[in-house]
Amino acid sequence: MNDFIDNLPLFFQSIWETIYIVVISLVASGVLGLALGVGLTVTRPGHLVARRAVHVSLNVIVNIVRPVPFIIFAAAIGPLTMLAVHTTIGNTAVIFALSLAATFAVARIVEQNLLTVDPGVIEAARAMGASPWNIILRVLIPEGLGPLVLGYTFLFVGIVDMSAQAALIGGGGLGTFAIVYGYQRFNWPVVYFSVAAIIVIVQAGQFFGNWLARRALRR
Amino acid sequence: MSALVRLQNVSKTYPASGLHGPVTAVDDVSLEVNAGDIFGIIGYSGAGKSTLVRLINALERPTSGRVFVGDAELTALGERQLRDERKRIGMIFQQFNLFRSRTVAGNVAYPLAVAGMPRAERDTRVAQLLDFVGLLEKAHNHPEQLSGGQKQRVGIARALATNPRLLLADEATSALDPDTTADVLALLKRVNEQLGVTIVVITHEMEAIRSIANRVAVMDSGRILEQGDVYDVFSSPTTDAASRFVRTVLRDRPTPQTLERLRRVHTGRIVSVKLTEERGFQGRLGRIFAEAGVEWEIIFGGISELRDRSVGSLTYEITGADAAVARALERLQAERIEAVEEA
Ligand SMILES: Nc1ncnc2c1ncn2[C@@H]1O[C@H](COP(=O)(O)OP(=O)(O)OP(=O)(O)O)[C@@H](O)[C@H]1O
Ligand SMILES: [Mg+2]
């Protein structure tokens, strides 16, 4: 137990780092993924701005990138990370890679949710003379918002999961803490406290997400 | 009277997809809707009614032909100009298509925002519209808290928000029960009479046409089979499809089943006579039968009101010597009384 108490300051710093990495990545991928997801949705044949070629291209890109395991993806985009944030290690590099990887997952979730929006409602807005942009921002996204928030909550768990692999590219957070100070030194209390902290973070995030979704859905 | 909507030889063919070949949903349709009309378009499912109505506000572009609304030729406009035209055409739907993410007031305010009305003016206009459709007290409710009839009222308020001169109603009452249907139809009639909005009503229910339309077009397989004044089409349909629709509301002629039942009791000749509004018509018929020397009895019939006039027919059993019956039928023809012997 003393082994853990010695590491207490680092434990708290790791919690903070995990939250920091996860929140920034969630927001960044949330915005980018929303844009990509909206793009995927509205370019579909028969949708708001049907563009078959664009839709197919976006679809292929998402299908190729999304299943790549995060850590391999992070390695693969090394040169891009270098170009964007001038380093390939540390939290900033982790956030960059994580945001990008999660963007593709977010895009799919956004697309799936937006496709459930009743086409009749979109038709009604078109009949009123609304522009595609206006319909996307004021009709499509608000109508799909409730399920979207649930989708983001689901994604939050995935991002926490991916963030724990940060150790492999020199990032911090609870994953690194548990491996470097716990697992590699046979310091099991460190590992279990990390597990507990992760569980609390995930539960808190899910609780908040569900609450938001309930508000959006008014149920 | 000037035509507000003019379709000239309009066709719409959807390209083949998957296992389906190309579908011609609208086939060489020409029609004119005059300002002030409530113009009904009736047809069975798949006749192409929804496609036709969506050509009128250019949600769909025709494969060929031209579409005019007011002074604008929609088929000659680009997407941006079309949006401005659509702001002057309202539309309501079978499934209401209200925004679930907005309140009743928010639904009605949306087209106003799209049309660029300042926020401060919107509230007043929204209240005015909700008052017109009788739903002012529901302004802050969400659509799922409303009944079907109330939803359609919101749909109507929303469609009228920008003061359109044309309202398109695609099966607007088909999801409603008969009482609610009557309420919504009465509201549409009020929209037409009090606000001077021209209305195109798409439906498969002849009753909706009977109660509010002044002109009607009968559609089948993408074509307009027959169009004209509602009274004329109801009283003298010229196509089978039109008479089938007319029969669904008038029920003035015996169906084959009814006829079979009647024949078991009545062994004479069975003749249906179309009613006119002429005074003393029955007496004139009676005299014709008496002079020809036949016995007669009314065995079936129906009279309905249509645009403040009566339409319908009465079915008679005529008995007597063959020569006498023939004489009676000849006299009816000579006096230009429309009569048909039921087969
Ligand atoms: N977007 C589309 N792509 C392909 N075919 C279509 C499309 N929309 C309609 N059709 C076809 O066009 C024909 C007419 O359809 P439409 O919806 O206009 O009929 P309708 O008279 O409104 O029928 P209902 O009473 O069922 O609404 C149908 O055969 C339909 O399958
Ligand atoms: Mg239809």
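Letters go in sequence order (proteins before strands), and every chain restarts at 1. Computation of the quantities below employed the complete heavy-atom set of this structure, encompassing side-chain atoms and omitting hydrogens, waters and symmetry-equivalent molecules. Since this is a predicted model, take the numbers as computed values, not measurements.
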Chain A contacts, top residue of Gln95(B), Gln94(B), Met91(B), Arg54(B) (heavy-atom pairs, under 4.5 Å): Arg54(B)

Can you tell which part of Phe93(B) gets under 4.5 Å to a heavy atom of chain A, answering side chain, backbone, both or neither? side chain

Select all residues of residues 111-138 of chain A having any heavy atom within less than 4.5 Å of some heavy atom of chain B, and report them by number, or 'none'. Asp118(A), Gly120(A), Val121(A), Glu123(A), Ala124(A), Ala125(A), Arg126(A), Ala127(A), Met128(A), Gly129(A), Ala130(A), Ser131(A), Pro132(A), Asn134(A), Ile135(A), Arg138(A)

Could I get the full list of ring pair (Phe, Tyr, Trp, His ring centres under 6.0 Å) partners for Phe154(A), not counting sequence neighbours? none

Does Phe207(A) CZ have over 12 foreign heavy atoms under 6.0 Å away? no

Just wondering, more than 12 heavy atoms not from Tyr20(A) lying within 6.0 Å of its OH? no

Residue by residue, which of residues 68-90 of chain B have a heavy atom closer than 4.5 Å to a heavy atom belonging to chain A? Arg83(B), Arg86(B), Lys87(B), Ile89(B)

What residues of residues 28-47 of chain A make heavy-atom contacts with chain B at a cutoff under 4.5 angstrom? none

